[in-house]
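Structure record follows, encoded as structure tokens.
These figures come from a predicted structure and were not determined experimentally.
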Amino acid sequence: MFAAERRQLILEMVRANGAVSLRELARVVQTSEVTVRRDVRALEAEGLLDRRHGGAVLPGGFTRESGFPQKSHLSTAEKTAIADLAAGLVGEGEAIVVGAGTTTQELARRLARVPGLTVVTNSLLVAQALAHANRVEVVMTGGTLRGSNYALVGSGAEQSLQGLRVSRAFLSGSGLTAERGLSTSNMLSASVDRALVQAAAEVVVLADHTKLGADTMFQTVPTELITRLVTDEPPLHDERAAAELQSLADQGVEITVAGPEADASGGEGPPPGRQPRRDMPLPGQRRTQNGGLGPQLRSASALADVPGERGARVADLRRR
């Protein structure tokens, strides 16, 4: 293997995994650790990675997936609200697939109450959340354990999904844009997520507002394959997230939004002394032929005043 080929492979491994030891790099490129160390120095000089004691890591400029301990403490209230709404999409006796992630873990905790449900997953966290649900059947994929997010990945996981057909796939990721769809920072995780998507008639993405507009390395689900996005209501100053929601709606994705008022009141309307948030126009909103506004984002609580709306907790943003 030429030096240029070795260095390209080293760079791909570090980008896919975030951090790789010199020993592992030497094993994969089939050379000595001395040679690999020299290659790592050269790549560091170009600003493509950083050296650490005994290995190489991503430089600060690349988006990197956080481990489970870090992600489990981020946006916890938002993930809870998203999981509450997503669980309402699952009916008795369904068969679904649920991908890995802290948001899907929250969803799994709520699915334990759905009788006759079959859940196929590559996530140990999802399986653990359903382990004692005696009315739910859990089917685990095969594969190799990826310790950073407690997920099974690799060819074993992908092959075990071949020939499977279920009603819905519930997935989360590291970023979501209207241009590219759902993405993640790890190549192996992205490959398994794509296999989960192929097994499902519909794809539901669970992503809090901090993921909107973020674009990470590996695409998992292109926008045209996303049936529905379940998210939380972006802060008023977050124009990027609001614009991204509008763009997703323009491409036909159904948007279900958990409003802060619904979360605080258990879905029964705004707490005493607070007014529900009304229709919130999005930046760049299209005009219809009759001069009216195009799709609008409505908070869950705003639906409480609309006759005939069911549940008063779900806002659907559809292409009109």
Considering non-hydrogen atoms only, spot the tightest contact between [X] and [Y] and give its length.
X: S247; Y: A178; value: CB-CB, 3.4 Å
X: L117; Y: G91; value: CD1-O, 4.4 Å
X: S32; Y: T35; value: OG-OG1, 3.0 Å
X: G101; Y: S172; value: CA-OG, 3.9 Å
X: A100; Y: N149; value: CB-ND2, 4.1 Å
X: L248; Y: L176; value: CD1-CD2, 4.0 Å

Residue list, side chain to side chain contact (heavy atoms under 4.5 Å, CB included) with [X], at least two apart or on another chain:
X: Q8; answer: E12
X: A26; answer: E33, V36
X: E179; answer: T177
X: S183; answer: R180, D215, T216

Subject >> Whether T104 side chain and G99 backbone form a donor-acceptor pair below 3.5 Å >> reply: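 Checked: pair present.
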
Side chains of [X] and [Y], heavy atoms from C-beta outward: is any pair under 4.5 Å?
X: V230; Y: V204; answer: yes
X: L25; Y: R6; answer: no
X: E78; Y: E233; answer: no
X: L182; Y: Q219; answer: no
X: R228; Y: V205; answer: no
X: M217; Y: S185; answer: no
X: T231; Y: L245; answer: yes
X: L206; Y: F170; answer: yes

Subject >> V253 vs I255, side-chain contact (heavy atoms from CB on, under 4.5 Å): CA-CA, chis, key distance, verdict >> reply: CA-CA 6 Å; V253 178; I255 314 293; 3.8 Å; yes

**OP:** Report the C-alpha separation of L229 and L212 in whole Å, then their side-chain angles, then the decisive distance to 0.1 Å, and conclude whether the side-chain contact (heavy atoms from CB on, under 4.5 Å) test is met.
**Re:** CA-CA 11 Å; L229 165 65; L212 300 177; 4.0 Å; yes

Does [X] have any side-chain hydrogen bond (donor to acceptor under 3.5 Å, both in side chains) partners at least two apart in sequence or in another chain, and if so, which?
X: E106; result: R109, R110
X: S167; result: E94
X: R240; result: none
X: S191; result: E158

Subject >> E224 atom CD: more than 12 heavy-atom contacts under 6.0 Å >> reply: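 Yes, enclosed.
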
**OP:** Walk me through it: do I82 and K79 pass the test side-chain contact (heavy atoms from CB on, under 4.5 Å)?
**Re:** CA-CA 5 Å; I82 290 168; K79 291 173 183 176; 5.5 Å; no

Enter the distance from [X]:[atom1] to [Y]:[atom2] here, rounded to the nearest 0.5 Å.
X: L111; Y: L89; atom1: CG; atom2: CG; value: 10.0 Å
X: T31; Y: I10; atom1: OG1; atom2: CD1; value: 8.5 Å
X: T220; Y: L196; atom1: OG1; atom2: CG; value: 10.0 Å
X: L107; Y: L171; atom1: CG; atom2: CG; value: 11.0 Å
X: R51; Y: L22; atom1: CZ; atom2: CG; value: 9.5 Å
X: D232; Y: H209; atom1: CG; atom2: NE2; value: 5.5 Å

**OP:** Give a yes-or-no answer on whether the side chains of D208 and T210 include a donor-acceptor pair shorter than 3.5 Å.
**Re:**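 Yes, side-chain donor-acceptor contact under 3.5 Å.
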
Subject >> Check against side-chain hydrogen bond (donor to acceptor under 3.5 Å, both in side chains), S189 and R146 >> reply: CA-CA 9 Å; S189 295; R146 183 168 179 254; 3.2 Å; yes

**OP:** Not counting sequence neighbours, list each pair that qualifies as a salt bridge (Lys or Arg N to Asp or Glu O under 4.0 Å) and has a residue in residues 116-128.
**Re:**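 Counting only pairs at least two positions apart or across chains, no salt bridge (Lys or Arg N to Asp or Glu O under 4.0 Å) contact touches residues 116-128.
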
Subject >> Qualifying salt bridge (Lys or Arg N to Asp or Glu O under 4.0 Å) pairs, either residue in residues 198-207, two or more places apart >> reply: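 Non-adjacent pairs meeting salt bridge (Lys or Arg N to Asp or Glu O under 4.0 Å): R168-E202.
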
If you look only at distance, which donor and acceptor atoms sit under 3.5 Å apart when one is on a side chain in residues 128-143 and the other is two or more places apart or in another chain?
residue, atom, partner, partner atom, Å
R135, NH2, R113, O, 3.3

